[in-house]
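The structure presented is a predicted model; accordingly, all values stated were derived computationally and were not measured.
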Amino acid sequence: MTKTEKCRSLVLVLGDQLSTDLSSLKRADPDRDTVLMAEVMAEATYVRHHKKKIAFLFSAMRHFAEELKEAGWTVDYVKLDDPDNTGSFKGEVQRACGRLRPEQILVTEPGEWRVLEDMRSWSDAFDLPVEILTDTRFFSTVADFRAWADGRKQLRMEYFYREMRRSTGLLMDGDKPAGGKWNYDAANRKPAKPDLFMPEPKRFTPDAITREVLEMVGERFSGHIGDLEPFWFAVTRKDAEKACDHFLTEALADFGTYQDAMLSGRKFLFHSVLSAYLNAGLLDAKALCRKVEEAWQADKVPLNAAEGFIRQIVGWREYVRGIYWLKMPDYVDSNALGADRPLPDFYWTGKTRMRCLAEAIGQTLEEAYAHHIQRLMLTGNFALLAGVRPKDVHEWYLMVYADAYEWVEAPNTIGMSQFADGGLLGSKPYVSSGNYIDKMSDYCGACSYDVRQKTGSEACPFNALYWDFLDRNRKVLQGNPRLAQPYASWDRMKQSRQKDLKESAADFRKRLFDGEEV
């Protein structure tokens, strides 16, 4: 039998599975099986993804297909502009079955619930065995997390993280954490000064494959959000590893200390900007964490930097994936606070007098990237204070960031950012007044609003919105022990002061949702 005849297994590889050690590829045989990869319109448009995100994934997919071919695989690759492209995974698998007449279909479990549900119908639809394999690229499986969560009253990340450290051995001294502490977050909250030297992430020049993708995306997705160029993402494993090595050498040492800092015009600070590569499969999470640990062991980086970075992957990334699969499909519709306002217009344009939001949204539109504090304490914080529908916020985050897939984005947004799950994921709402933003950034000094003013049309909107949020949601939140101090402060205020704050918040929200520029 030749490769052009009937194949034994059709192996579907998705756009966020660009890993040579994928479980489905490990199960398959290059001499007998065929890999199917397809660019489908349904995945590019189920939310209107950022143009740069679409270009990154399609280019990375095309490069990965070439990598597989060089390794001896037969790859059946369907481009978006193929005239016979059906526009869906199911349609392309069906077409491939007609071409190749496989005996079975192999696929590694996808990262989104709706795709998994679709795959579960394929066996009946195609009258073929369909094997959905565990994704072994993660440190824990969905079943592992479910077992950990079973019977627990609270599913706190910190306790899961400690179990993950023990099971992986990362940053461990026998059965104790290296340095005597599990978590060095207290050392990682320092604001950065503008004159501090900060490296840029490694950038790559688009090759012929990427330029072809950029042209196609520019034509077909012109109405989607965001800027397509400049485009500098790594789209191959080799370049992603170069970007990784650059971060480890140039930025990791200061990552921990300044990971919560924000500065005008400084889009990346000491952040790795590796999450898009990690979540697409171009980088391996296990190998990355070992490299970080080795850098600490070689005294190249301090423990607070190594621990802070590893916690984001071994702790948070694994944890939110577990929450997603534990609570779907209803999780994305959670709305514990009953927020019902639409996403403000400036989330699509970046045009606002609030300097912090203009900076965060502006760079999001340009780069399909903002770091985690910009997401949590600027765009997320504002939406929560303003009472925006959590699902609207969820879909925006899923749309605009190159690293966003529903399994990682939805818990971060619905749970951590918007508190819409009522505290399942986060122990309190992550809200703040302008004081926090002023402390951790230099945005406020050049803002049209005055962060020192609490009420009135020229006051920082975060100030009155913060207190109004607490008052508006008191029935749900007043029993939260982590909010005892803010509520005590509110109760000590004179009624006239409370009235001024609520009126300022109401006036701002009216102007905001009436479409005025704020």
Side-chain angles (χ1 to χ4, degrees), residues 262 335-347 350-361 373-390 392-393 417-420 426 428-478 480 482-518:
M262 298 173 281
N335 192 356
L337 300 180
D340 60 359
R341 296 287 194 165
L343 198 68
D345 291 344
F346 65 74
Y347 276 75
K351 294 179 180 178
T352 170
R353 292 174 57 207
M354 291 175 280
R355 177 68 180 275
C356 59
L357 288 167
E359 288 271 343
I361 295 170
I373 292 299
Q374 291 174 311
R375 301 187 200 192
L376 178 63
M377 298 309 298
L378 296 182
T379 50
N381 182 15
F382 183 85
L384 181 54
L385 293 177
V388 176
R389 282 188 296 267
D392 285 8
V393 185
S417 173
Q418 299 304 293
F419 202 72
K428 72 177 184 71
Y430 279 85
V431 290
S432 78
S433 66
N435 183 59
Y436 172 85
I437 299 168
D438 191 31
K439 177 184 175 183
M440 297 307 301
S441 78
D442 66 350
Y443 297 144
C444 299
C447 186
S448 298
Y449 294 101
D450 187 348
V451 71
R452 294 165 297 181
Q453 290 189 37
K454 308 303 179 186
T455 60
S457 60
E458 298 307 309
C460 171
F462 282 86
N463 291 334
L465 287 174
Y466 172 76
W467 293 110
D468 181 69
F469 169 83
L470 291 177
D471 182 65
R472 196 170 72 243
N473 294 291
R474 185 160 195 159
K475 286 184 179 180
V476 178
L477 300 176
Q478 65 181 350
N480 188 310
R482 296 191 66 185
L483 295 178
Q485 184 175 346
Y487 276 116
S489 297
W490 173 253
D491 291 339
R492 285 194 298 268
M493 290 182 192
K494 293 181 180 180
Q495 287 189 354
S496 59
R497 182 61 169 165
Q498 292 180 347
K499 181 173 179 289
D500 286 345
L501 286 165
K502 289 193 286 187
E503 286 180 352
S504 284
D507 176 67
F508 178 82
R509 292 213 305 162
K510 183 179 187 306
R511 290 187 288 114
L512 173 69
F513 294 115
D514 281 350
E516 294 183 31
E517 184 173 337
V518 295

- [ ] Apply the test side chain to side chain contact (heavy atoms under 4.5 Å, CB included) to residues K454 and L501: give CA-CA distance (whole Å), side-chain angles for both, the deciding distance (0.1 Å), then the verdict.
- [x] CA-CA 7 Å; K454 308 303 179 186; L501 286 165; 4.3 Å; yes
Open item on the list: Test: salt bridge (Lys or Arg N to Asp or Glu O under 4.0 Å). Region: residues 431-453. Which pairs qualify, not counting sequence neighbours?
Closed with: D450-R452
Open item on the list: Donor-acceptor pair, distance only, cut-off 3.5 Å: does the side chain of N480 make one with the backbone of R482?
Closed with: yes
TODO: Could you tell me whether a side-chain N or O of T352 sits under 3.5 Å from a main-chain N or O of V518, the two making a donor and an acceptor?
DONE: yes
Contacts under 3.5 angstrom, residues 335-347 side chains, donor-acceptor by atom type, not counting sequence neighbours:
residue : atom : partner : partner atom : Å
N335    : OD1  : G338    : N            : 3.1
N335    : OD1  : A339    : N            : 2.9
N335    : ND2  : A339    : O            : 2.8
Y347    : OH   : T379    : O            : 2.7

Task: Between N381 and S432: side-chain donor-acceptor atoms closer than 3.5 Å - done: yes
Open item on the list: Go through it in stages, so that I can follow the logic: the residues are F419 and L477, the test is side chain to side chain contact (heavy atoms under 4.5 Å, CB included), and I'd like the CA-CA distance, side-chain angles, deciding distance and then a yes or no.
Closed with: CA-CA 10 Å; F419 202 72; L477 300 176; 3.6 Å; yes
Open item on the list: Among K502, R497, Q498, M493, exactly one meets side-chain contact (heavy atoms from CB on, under 4.5 Å) together with W467. Which residue is that?
Closed with: M493
Task: Derivation and outcome, side chain to side chain contact (heavy atoms under 4.5 Å, CB included), residues M377 and I437 - done: CA-CA 8 Å; M377 298 309 298; I437 299 168; 5.7 Å; no
Open item on the list: Has N463 got a side-chain atom pairing as donor or acceptor with T455's backbone, closer than 3.5 angstrom?
Closed with: no
Task: Side-chain (R353) to main-chain (Y449) donor-acceptor, under 3.5 angstrom - done: no
Task: CA sep, side-chain torsions, deciding dist, call: F382, F462, side chain to side chain contact (heavy atoms under 4.5 Å, CB included) - done: CA-CA 7 Å; F382 183 85; F462 282 86; 3.8 Å; yes
Open item on the list: What I want to find out is whether D500 reaches K494 closely enough, with some N-O distance under 4.0 Å, to be called a salt bridge.
Closed with: no
